[in-house]
Structures are given as C-alpha cells and as structure tokens.
Amino acid sequence: MSFGKMNTFIDIISTTPAKDAEGFATTGDTILASVRAYKEDRHGGERWTNMAAFSTASSLFRFRKIPGMEVTAEMLITCSDGRYRILSAEDVRGRGMYIEVLAERLEPSVR
C-alpha cells in the first residue's frame with residue numbers, strides 16, 4: 001500500500017464516560033491516534049460480495065500498524081465523511097505492517 005492511496009486522514013478515538021462539574025456522566029472522545037488511511041466504501045465489487053458475513057459494514061479502512069496500540073471493536077473512526085463504528089480489525093496477511101478495519105457508518109439521530 002503506497003502513501004498515494006492513503007489519502008484519507010482519520011482519527012481513531014475511544015469514547016470514555018466522564019463526570020462533569022455537577023456529577024452527571026457524559027461521554028467524551030479521546031483521540032488515540034491520527035493517521036493516513038486508505039478508505040473504500042461499499043460497492044458491488046467481487047471483494048465486497050465475498051464479505052457477505054459483514055452485511056452491515058459500509059466502509060473498509062487500511063492503515064499502517066501503530067506500535068503499541070491494538071485496534072479493537074470498542075473504538076470509533078472519524079474522518080471528513082463522518083463517524084464509523086469498528087466491526088472488525090485484523091492484520092493484513094499476518095505481517096504486522098497494516099491493519100484492515102471493516103466499519104459501519106454511524107448516522108446522527110435527529111431530534
């Protein structure tokens with residue numbers, strides 16, 4: 001994967017509950033890493049057909065492995081397109097160089 005294809009800037013965040021001054025619990029975002037990534041949205045290609053088990057996945061992100069950090073399903077990804085919930089994260093070809101994440105776009109709720 002060349003840097004030319006990694007043209008999307010993403011933040012990997014963790015949502016942690018925190019208490020405000022009045023003692024109410026609120027969720028806050030903590031940015032764990034900011035990296036460049038390759039982003040591919042869901043389309044009718046052969047690759048997405050083979051990933052039928054992840055029918056809710058709307059995007060695929062691929063980025064360099066971050067030393068000392070394990071990407072898990074409890075984390076979120078934010079980019080210029082919106083927020084994404086991580087469904088799965090795995091090492092590409094087991095080499096420890098790239099992480100491939102399948103994610104579902106989170107739609108904001110309208111009140």
Open item on the list: For R83, is there an ion pair with D29 - N to carboxylate O distance below 4.0 angstrom?
Closed with: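 Salt bridge flag = yes for R83 with D29.
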Quiz prompt | Basic-acidic side-chain contact under 4.0 Å: K39, D81 | solution =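 A salt bridge is present here (some side-chain N lies under 4.0 Å from a carboxylate O).
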Are F61 and I66 connected into the same hydrophobic cluster when the rule is that any two of I, L, V, M, F, W, Y join if their side-chain heavy atoms are below 4.5 Å apart?
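Result: yes, single cluster for both.
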Worksheet entry | Cluster overlap I99 with V35, hydrophobic side-chain contacts below 4.5 Å |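 Yes, I99 connects to V35 through the hydrophobic network.
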Give me the atom names and distance for the closest heavy-atom approach of [X] to [Y].
X   : Y   : answer
L87 : A73 : O-CB, 4.2 Å
D91 : G96 : OD2-N, 2.9 Å
C79 : Y84 : SG-CE1, 3.7 Å

How long is the gap from [atom1] on [X] to [atom2] on [Y], to the nearest 0.5 Å?
X    : Y   : atom1 : atom2 : answer
R62  : L60 : CZ    : CG    : 5.5 Å
R36  : I10 : CZ    : CD1   : 12.0 Å
L32  : S14 : CG    : OG    : 5.5 Å
R105 : T56 : CZ    : OG1   : 14.5 Å
I77  : I13 : CD1   : CD1   : 9.5 Å
K65  : Y98 : NZ    : OH    : 13.5 Å

- Could you walk me through whether L76 and L106 pass the side-chain contact (heavy atoms from CB on, under 4.5 Å) check? CA-CA 10 Å; L76 298 173; L106 296 175; 3.9 Å; yes
Contact between T72 and I86 at the side-chain level, heavy atoms closer than 4.5 Å - yes or no?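 Heavy-atom side-chain distance check fails, nothing below 4.5 Å.
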Query - Side-chain heavy atoms of M69 within contact of I12, under 4.5 Å - result: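 SC-SC contact between M69 and I12 confirmed.
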Just by distance, no angles: are the side chains of Y38 and E40 close enough, under 3.5 Å, to form a donor-acceptor pair?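 Short answer, yes.
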Any donor and acceptor pair, going by atom type alone, linking the side chain of D41 with main-chain N or O of S59 inside 3.5 Å?
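Side chain of D41 to backbone of S59: no pair is present.
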